[in-house]
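To keep things clear, I will list the structure first and then write my remarks on it.
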Amino acid sequence: MTLRSLVQRLSSPKYRYVLVTILVSLLAFARNLYFMTSLDLASLGQVTLMTTLIMLVGFAHVGLINGAYIQYAAGNRDVNRRIVALMATGVLILVPVAALAVWALPLAGTLSSVVWPGTLAFGLAAGIVTLASTWMNNALIADGHLGRSNLINVGAVLVSLVAAFFSTSNGLMAAWLSLLLQPLIIALGAMLLDPNLRIRSLGVDRQTLSLLFRLGLVPFLGGLAVLSMHQFERWSIAAILGPNALGEFYIVLMYSAFFGLIPTALLNVYFPQAKRAYVAKDLCQLTTFIRHHQRDLMLYFVLAVATTVLLMPSILARYLPQFTQNAALVYFALPGLILLTFRNIASMVLFSTAEMRPLLSAGIGTLALFGLGLAGLWAAGLFSLVNVLIARAVSTLPGTVYLLREQHRALNSLGASHA
């Protein structure tokens, strides 16, 4: 492959989307670092609580966003119009619920001194808008509008970053606005650039609601199981080894967040194409998309490992010397991260064929094995950060093998039906 052909390939829409995803995440990370320099500790605590509220509100969809993304990629215009109406209705229903919570906070006694009224109001508002922005951005990706998604996300994070700079003079209010503006601009931008996402009617179609729940609930629960595994990991470290050990583990948490960016972006790029190929019963094209996804993911693993081994020691020594002695933890984390991310290959096939139960089984099985592993380490007096990461990798392996087997079974079944 010549340099010119390589540049042309990397400049294709799908790779531009991946690069923009990384850029947006880095800018959001820079915004959060800026808050650490511009706000006092009490205000930083409220910002942390606001992000926690956003995450909690994010669970309110109970899989509807997952289902909407999977179904929207099929490209059925009539169903998609009903999905837009359903999702808009669901978001609007949350508004009076949030208003009631803000009104009731002063009656909560001690809680009102922990979560300030402004934090609750902005946090719940940002959480609701984040649900809307997530769904609409997913719809853009499902329709193949990667350029529009890039434009909206870059614009939104830049506006959010500008607002964050005002936290130096305006304190917490600017920080609240900064966190609210990013999802708000994404939602408004999506409706502005894509007429199909504009709200023309409201209502809940029971058949559509049932369809989205059937498609989305299982992957939602599977993802929830993985999130629970991470919570078990962090709380057990804090409880057994102490808060300082969790601070040493922070480098693994940061690395893990960045490690997953490109695989998630690649899945977003390839899944809508694979879904449409499946709906069209084009097995040849579906197989091509799966093969390309596997190729890109494997290439990423090789580059990520090589970059980590070659560059991380010097980067830590220069910019984060306090974490130099904990660099080995990242190496022990890599096998578990690769095994967990490798599930994306199976996820794309299972999402396309709507066979979701293996995802839930793998998630619950991994969570159970990891919990048993942590308990065994504690009982044997072998609980350490390195052993926790080894336990994570070991507990992830069976579920990954199981999902890859289910992927092959689904493809074989699809091939037999087209024979």
Side-chain angles (χ1 to χ4, degrees), residues 4-34 54 58 65-66 68-70 72-75 80 83-84 87 126 129-165 178-198 257-276 289 292-293 295-297 299-300 303-304 341 344 347-348 351:
R4 183 177 180 180
S5 63
L6 178 62
V7 171
Q8 288 177 341
R9 174 172 291 186
L10 292 177
S11 62
S12 65
K14 66 179 180 180
Y15 290 119
R16 284 203 303 270
Y17 170 77
V18 172
L19 292 174
V20 169
T21 298
I22 297 172
L23 174 63
V24 169
S25 298
L26 290 174
L27 290 174
F29 182 68
R31 176 195 62 201
N32 296 337
L33 287 179
Y34 187 78
I54 293 172
I65 289 180
N66 304 74
Y69 175 49
I70 293 169
Y72 204 88
N80 286 357
I83 291 175
V84 171
M87 299 303 288
V129 177
T130 297
L131 284 174
S133 67
T134 300
W135 135 245
M136 290 183 183
N137 191 58
N138 284 351
L140 289 175
I141 295 169
D143 262 346
H145 300 314
L146 301 181
R148 296 179 187 178
S149 175
N150 286 344
L151 178 64
I152 293 169
N153 279 279
V154 170
V157 75
L158 287 176
V159 172
S160 175
L161 194 57
V162 170
F165 289 147
S178 175
L179 294 174
L180 173 63
L181 281 173
Q182 184 173 352
L184 180 61
I185 291 173
I186 292 173
L188 294 176
M191 288 189 288
L192 177 65
L193 295 182
D194 190 345
N196 293 324
L197 294 178
R198 295 171 191 169
F258 282 108
F259 185 90
L261 289 177
I262 291 180
T264 300
L266 288 174
L267 181 60
N268 286 339
V269 166
Y270 282 111
F271 164 68
Q273 302 174 78
K275 179 69 175 181
R276 284 190 285 272
F289 290 137
H292 287 176
H293 180 223
R295 177 202 63 197
D296 288 352
L297 198 57
L299 178 61
Y300 168 70
L303 292 176
T341 309
N344 287 6
S347 295
M348 190 177 81
F351 282 169

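Along the sequence shown, residues carry numbers from 1.
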With rounding to the nearest 0.5 Å, note down the distance linking [atom1] in [X] to [atom2] in [Y].
{"X": "Leu192", "Y": "Ile152", "atom1": "CG", "atom2": "CD1", "answer": "8.0 Å"}
{"X": "Ile70", "Y": "Phe271", "atom1": "CD1", "atom2": "CZ", "answer": "5.5 Å"}
{"X": "Asp194", "Y": "His145", "atom1": "CG", "atom2": "NE2", "answer": "5.0 Å"}

### Tyr69 vs Asn268, side-chain contact (heavy atoms from CB on, under 4.5 Å): CA-CA, chis, key distance, verdict
CA-CA 10 Å; Tyr69 175 49; Asn268 286 339; 3.5 Å; yes

Within a strict 4.5 Å, meaning less than it, do heavy atoms of the [X] and [Y] side chains meet?
{"X": "Thr21", "Y": "Thr264", "answer": "no"}
{"X": "Val129", "Y": "Gln182", "answer": "no"}
{"X": "Pro272", "Y": "Asp143", "answer": "no"}
{"X": "Met87", "Y": "Leu131", "answer": "no"}
{"X": "Leu197", "Y": "Trp135", "answer": "yes"}
{"X": "Ile186", "Y": "Met136", "answer": "no"}
{"X": "Val84", "Y": "Asn196", "answer": "no"}
{"X": "Asn344", "Y": "Leu266", "answer": "no"}

What pair of heavy atoms forms the shortest contact from [X] to [Y], and how long is it?
{"X": "Ala74", "Y": "Lys275", "value": "N-CG, 3.9 Å"}
{"X": "Ala163", "Y": "Leu181", "value": "CB-CD1, 3.9 Å"}
{"X": "Val157", "Y": "Ala28", "value": "CG2-N, 3.8 Å"}
{"X": "Tyr72", "Y": "Ala142", "value": "CD2-CB, 4.0 Å"}

### Message
Please check this pair: side chain of Ser160 against backbone of Ser178, looking for a donor-acceptor N/O pair closer than 3.5 Å.
### Response
yes

### Query
Do the side chain of Asn137 and the main chain of Ser133 share a donor and acceptor less than 3.5 angstrom apart?
no

### Task
Take the angle between the ring planes of Tyr270 and His293 and call it parallel below 30°, perpendicular above 60°, tilted in between.
tilted

### side-chain contact (heavy atoms from CB on, under 4.5 Å) between Asp296 and Val18, intermediate numbers included
CA-CA 11 Å; Asp296 288 352; Val18 172; over 6 Å; no

### Task
I would like to know whether Asn66 and Phe351 meet side-chain contact (heavy atoms from CB on, under 4.5 Å); could you show each step before the answer?
CA-CA 10 Å; Asn66 304 74; Phe351 282 169; 6.0 Å; no

### Contacts of Tyr17 that satisfy ring-ring contact (aromatic ring centres under 6.0 Å, His included) - sequence neighbours left out
none

